[in-house]
Amino acid sequence: MLMVGHWHLKCHILVRASGVSVPLSICLTLSDRTLLTYGEFEGNRNNAGYKLARNLLGTSNLLTRNRIAYHPEPRQLFDRYCDIAVHLHLNQLRRIQFGTVRIKQQPLPVGILALSL
């Protein structure tokens with residue numbers, strides 16, 4: 001048996017007779033695959049990115065040592081995580097900006113207008 005992340009995988013599952021490489025993502029933990037799919041919100045993004053990078057490199061090294069071909073390169077998966085993180089950040093900024101515009105467009109109650117004059 002081969003230990004990858006927290007999963008026990010039999011070598012014959014990973015090494016295919018056809019010589020086709022294994023997707024690196026299936027060898028990662030569920031939490032790593034979730035990060036690659038959904039990203040992480042601000043506040044834990046750096047810690048989650050560090051954990052993901054460490055697991056990507058460790059898993060790829062283990063697969064390489066066992067002569068198991070995989071794809072894509074760890075950097076490509078990490079770049080995908082970074083792209084999702086940037087996208088989430090931009091969406092948060094857009095929501096804040098949209099909320100600010102809506103507040104400015106709403107008319108003030110008459111009592112507040114009179115107090116501010």
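Just the heavy atoms: all of them, side chains too, but no hydrogens, waters or symmetry mates, feed the values below.
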(message) Looking at R54, I'd like to know if its CZ atom is crowded, meaning that more than 12 non-hydrogen atoms belonging to other residues, nucleotides or ligands lie closer than 6.0 Å.
(response) yes

(message) So L77 and D32, do their side chains get closer than 4.5 Å, heavy atoms only?
(response) no

(request) Over all heavy atoms of both residues, which pair between C27 and T59 is shortest? Give the atoms and the distance, please. (result) CB-CG2, 3.7 Å

(request) List the atom of Y70, the atom of S60, and the distance in Å for their closest heavy-atom pair. (result) OH-CB, 3.3 Å

(request) Inspect the surroundings of CG in N46 and state if more than 12 heavy atoms from other residues, nucleotides or ligands are less than 6.0 Å away. (result) no

(request) Could you check if a side-chain atom of V22 sits within less than 4.5 angstrom of a side-chain atom of L63, using non-hydrogen atoms only? (result) no

(request) Following the transitive rule for hydrophobic clusters with a side-chain heavy-atom cut-off under 4.5 Å over Ile, Leu, Val, Met, Phe, Trp and Tyr, establish whether L57 and L52 coincide in one cluster. (result) no

(request) Return the minimal non-hydrogen interatomic distance between I26 and R33, and the atom names on each side. (result) O-NH1, 4.0 Å

(request) Over all heavy atoms of both residues, which pair between F78 and A53 is shortest? Give the atoms and the distance, please. (result) CE1-CB, 3.8 Å

(request) To the nearest 0.5 Å, tell me how far L24 CG sits from N55 CG. (result) 10.5 Å

(request) Please report the closest heavy-atom contact between E40 and R45, naming both atoms and the distance. (result) O-NE, 3.0 Å

(request) Test R75 against L56 for side-chain contact (heavy atoms from CB on, under 4.5 Å), laying out the working first. (result) CA-CA 8 Å; R75 179 60 193 237; L56 283 168; over 6 Å; no

(request) State, to 0.1 Å, how close L35 and A48 come at their nearest heavy-atom pair, and which atoms those are. (result) CD1-O, 3.7 Å

